[in-house]
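Since the model is a prediction, treat every value here as computed from it, not as a measurement. All chains are named by letter (A, B, ...) in the order of the sequence lines, taking the proteins before the strands, and each is independently numbered beginning at 1.
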Protein chains: 2
Amino acid sequence: MKTSKNDHRTRVTKALIRKAFTTILRNKPIQSISIKELCEIAEINRSTFYLHYTDIYDLLNQIEEEMFEGLKAALKPVVESGDGTPNYLTVTTEIFQCIKDNADLCIVTLGSYGDKSFAMRLIDYGRTLCIENYGKLYKNATPQQIEYFYAFVSSGCIGLLQKWFDDGLVVTPAEIASMAENLMLYGLGFLEKDKRQ
Amino acid sequence: MKTSKNDHRTRVTKALIRKAFTTILRNKPIQSISIKELCEIAEINRSTFYLHYTDIYDLLNQIEEEMFEGLKAALKPVVESGDGTPNYLTVTTEIFQCIKDNADLCIVTLGSYGDKSFAMRLIDYGRTLCIENYGKLYKNATPQQIEYFYAFVSSGCIGLLQKWFDDGLVVTPAEIASMAENLMLYGLGFLEKDKRQ
DNA sequence: AACTAAAACAACACTATGTTCATTATTTTT
DNA sequence: AAAAATAATGAACATAGTGTTGTTTTAGTT
């Protein structure tokens with residue numbers, strides 16, 4: 001069994017590249033980052049970059065993949081909780097906590113005008129599970145309604161995430177999770193603590 | 001007064017560029033479109049491109065700006081309806097209809113994994129108006145709650161839009177508008193026609 | 001110590017970029 | 001209809017980035 005991926009040199013190199021990458025991304029959009037520039041800042045040879053990645057977008061994908069794997073690992077015990085209804089607030093809180101832990105990457109991919117496809121992937125991870133549950137709970141809802149509902153709430157959660165990041169993560173993960181739950185379940189109605197119409 | 005922008009030649013050139021651009025975008029992501037390639041497909045000289053745009057992203061911005069102006073013009077009578085509560089369903093339907101009319105651009109910017117910043121701009125257009133209204137309607141809601149609510153529902157609507165596009169625009173604008181309204185107002189609760197818990 | 005693999009280094013052909021300038025074609029003004 | 005203005009073309013240019021290859025140096029593994 002090769003140990004190539006665990007080579008100390010490789011880990012160091014990849015860490016240097018990742019650090020340079022996220023640093024540059026704070027100041028300019030990904031489309032104007034050149035490999036040459038990245039390597040100069042990371043202080044590695046350009047050939048070394050090609051040893052690990054094909055281009056800038058491959059680099060982004062691989063970094064995202066790493067975080068995605070981390071998320072899956074963190075959520076594994078929850079997913080395996082079986083058919084007993086899991087504590088959704090706990091689940092959501094864990095998700096948001098995990099995202100907060102990876103703030104350096106998320107601040108780029110989720111930030112104001114960043115690319116949201118990664119966030120969509122994260123949310124989509126729970127898609128099948130949710131659709132199934134909703135289908136059981138709301139028997140009169142058509143599959144189409146459930147699909148559109150999921151499309152709405154998953155994107156809505158991303159919007160919530162972005163605002164959270166834009167505000168500097170000052171709200172606690174638990175609070176955000178609670179807000180997400182309320183918004184998904186009751187929509188605007190959750191503001192209606194005092195109004196009857 | 002110069003009439004440069006109304007020059008027939010300019011309009012033809014820009015139309016050629018736009019057509020080539022949206023055509024290419026259907027097959028490959030924007031980051032791998034080169035100016036050279038675009039000009040070859042548009043059958044214009046590369047220098048001519050630089051006469052109107054600085055780069056590919058400037059081109060995208062200008063095209064988006066055009067549609068945005070069109071939307072504003074379409075919504076103008078609605079916005080000017082004054083303090084009388086406008087018919088929200090009508091407003092929403094009009095918005096979705098307008099988007100459908102510009103499907104060729106939207107299918108790219110709103111499509112599955114496209115860039116959502118443009119859609120955010122569209123939605124943000126109504127932001128101030130909404131925040132004001134919600135503030136009046138829900139006096140016990142904190143400004144923070146309203147901000148997060150808006151972040152949630154605006155992104156949610158974009159998700160709805162994307163699903164709409166991915167499904168090939170088979171649902172009518174009025175149906176989508178109704179769904180958006182229900183989801184914003186009641187969240188998951190709108191599926192609860194038959195369930196009491 | 002010997003072996004293995006990563007990283008650095010240098011060189012290469014190739015493509016795209018952005019700019020310029022003279023020329024041609026088209027529109028607008030007079 | 002002629003003259004003036006401006007858009008588009010085409011060619012040339014320096015510059016920069018890309019992707020690849022082969023060799024040498026360095027660090028890790030056995």
Side-chain angles (χ1 to χ4, degrees), chain A residues 1-66 69 108 114-115, chain B residues 1-66 69 108 114-115:
Chain A
M1 170 82 83
K2 299 282 179 61
T3 52
S4 56
K5 292 202 84 177
N6 286 344
D7 194 305
H8 181 240
R9 292 167 296 184
T10 302
R11 288 201 308 275
V12 169
T13 300
K14 287 195 166 184
L16 287 173
I17 293 176
R18 179 182 170 144
K19 184 170 185 184
F21 182 57
T22 52
T23 302
I24 301 176
L25 267 180
R26 286 166 199 271
N27 302 320
K28 67 163 79 174
I30 187 170
Q31 64 258 24
S32 48
I33 297 179
S34 78
I35 295 172
K36 191 190 178 199
E37 159 191 37
L38 176 77
C39 294
E40 279 165 3
I41 290 175
E43 293 185 293
I44 58 137
N45 195 277
R46 197 161 58 87
S47 328
T48 308
F49 178 91
Y50 286 108
L51 232 49
H52 302 291
Y53 312 99
T54 64
D55 55 34
I56 294 288
Y57 297 96
D58 180 46
L59 167 63
L60 177 63
N61 287 338
Q62 285 196 36
I63 290 178
E64 286 177 351
E65 195 61 32
E66 284 167 29
E69 290 301 320
V108 164
D115 170 43
Chain B
M1 170 84 84
K2 299 281 179 60
T3 52
S4 56
K5 291 203 83 173
N6 286 345
D7 194 305
H8 180 240
R9 291 167 297 183
T10 302
R11 287 200 309 274
V12 169
T13 301
K14 287 196 166 185
L16 287 173
I17 292 176
R18 178 182 171 144
K19 184 169 185 185
F21 182 57
T22 52
T23 301
I24 301 176
L25 267 180
R26 286 166 198 269
N27 302 321
K28 65 162 79 175
I30 187 171
Q31 64 257 26
S32 48
I33 298 178
S34 78
I35 295 172
K36 190 191 176 197
E37 159 190 36
L38 176 77
C39 293
E40 279 165 0
I41 291 173
E43 294 185 292
I44 57 137
N45 195 276
R46 198 161 57 85
S47 326
T48 308
F49 178 91
Y50 287 108
L51 234 48
H52 301 290
Y53 312 98
T54 64
D55 55 34
I56 295 288
Y57 298 95
D58 180 45
L59 167 63
L60 176 63
N61 287 337
Q62 286 197 35
I63 291 178
E64 286 177 351
E65 195 61 33
E66 284 166 29
E69 291 301 320
V108 164
D115 170 42

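Distance CG (Leu51(A)) to P (dA8(C)): 9 Å, rounded to an integer number of Å. Taking atom CZ of residue Arg46(A) and atom P of nucleotide dC12(C), one finds them 14 Å apart after rounding to whole Å. Per the geometry, CD belonging to Glu43(B) stands 16 Å off C1' belonging to dG10(D), to the nearest Å. Taking atom CZ on Phe49(A) and atom P on dA8(C), their separation rounds to 13 Å, with Å as the unit. Distance CG (Asp58(B)) to P (dG18(C)): 11 Å, rounded to an integer number of Å. Rounded to whole Å, the distance from NZ on Lys14(A) to C1' on dA7(C) is 14 Å. Spacing between atom CZ of Arg11(A) and atom C1' of dA7(C) amounts to 16 Å, rounded to whole angstrom units. One interatomic measurement links the two molecules: OH of Tyr50(A) to P of dC12(C), which rounds to 18 Å at whole-angstrom precision.
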Close N or O pairs between protein and nucleotides 22-26 of chain C (under 3.5 Å):
unit_1, atom_1, unit_2, atom_2, d
dT26(C), O2, Arg9(B), NH1, 2.9

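Shown here are the side chain to side chain contact (heavy atoms under 4.5 Å, CB included) partners of Glu65(B), two or more places apart in sequence or in another chain: Phe68(B), Glu69(B), Arg121(B). Residues satisfying the side chain to side chain contact (heavy atoms under 4.5 Å, CB included) test with Asp55(A), not counting sequence neighbours, are Tyr57(A), Asp58(A).
Phosphate contact (OP1/OP2 of dA8(D), side-chain N/O of His52(B), threshold under 4.0 Å): present. Checking the phosphate oxygens (OP1, OP2) of dA6(C), no side-chain nitrogen or oxygen of Thr10(A) falls inside 4.0 Å.
Considering all non-hydrogen atoms of both residues, Leu16(A) and Ala42(A) come closest at O-CB, 3.8 Å. Here the shortest heavy-atom pairing between Ile17(A) and Phe49(A) reads CD1-CD1, 4.2 Å.
Residues from residues 28-42 of chain B lying near DNA chain C, meaning a heavy-atom separation below 4.0 Å, are Ser34(B), Ile35(B), Lys36(B) in numerical order.
Using a 4.5 Å heavy-atom cutoff, the side chains of Ile41(A) and Thr23(A) are not in contact. Contact check for Ile63(A) versus Leu59(A): side-chain heavy atoms found under the 4.5 Å cut-off. Contact annotation: the side chain of Leu60(B) approaches that of Phe21(B) to within less than 4.5 Å [non-hydrogen atoms, C-beta and beyond].
Expressed to the nearest 0.5 Å, how far CG of Leu51(B) lies from CZ of Arg46(B) amounts to 13.0 Å. Distance check: Ile24(A) CD1 to Lys19(A) NZ gives 12.5 Å after rounding to the nearest 0.5 Å.
Residue-to-nucleotide proximity on DNA chain C shows that, of Thr13(A) and Thr54(B), the 5′-proximal contact is made by Thr13(A). When each of Ser47(A) and Asn45(B) is assigned the nucleotide of DNA chain D with its nearest heavy atom, Asn45(B) is the one assigned upstream, toward the 5' end.
Computed from C1' positions of five pairs at each end, the angle between the two local axes of the helix from dA13(C)-dT18(D) to dT30(C)-dA1(D) equals 20°, rounded to 10 degrees.
Of the candidates His52(A), Arg18(A), Lys14(A), Gln62(A) forms a side chain to side chain contact (heavy atoms under 4.5 Å, CB included) with just one, namely Lys14(A).
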Donor-acceptor contacts under 3.5 Å from residues 31-38 of chain A side chains, at least two apart:
unit_1, atom_1, unit_2, atom_2, d
Ser32(A), OG, Pro29(A), O, 3.1
Ser34(A), OG, Glu37(A), N, 3.1
Glu37(A), OE1, Lys28(A), NZ, 3.4
Glu37(A), OE1, Ser34(A), N, 3.3
Glu37(A), OE2, Lys28(A), NZ, 2.9

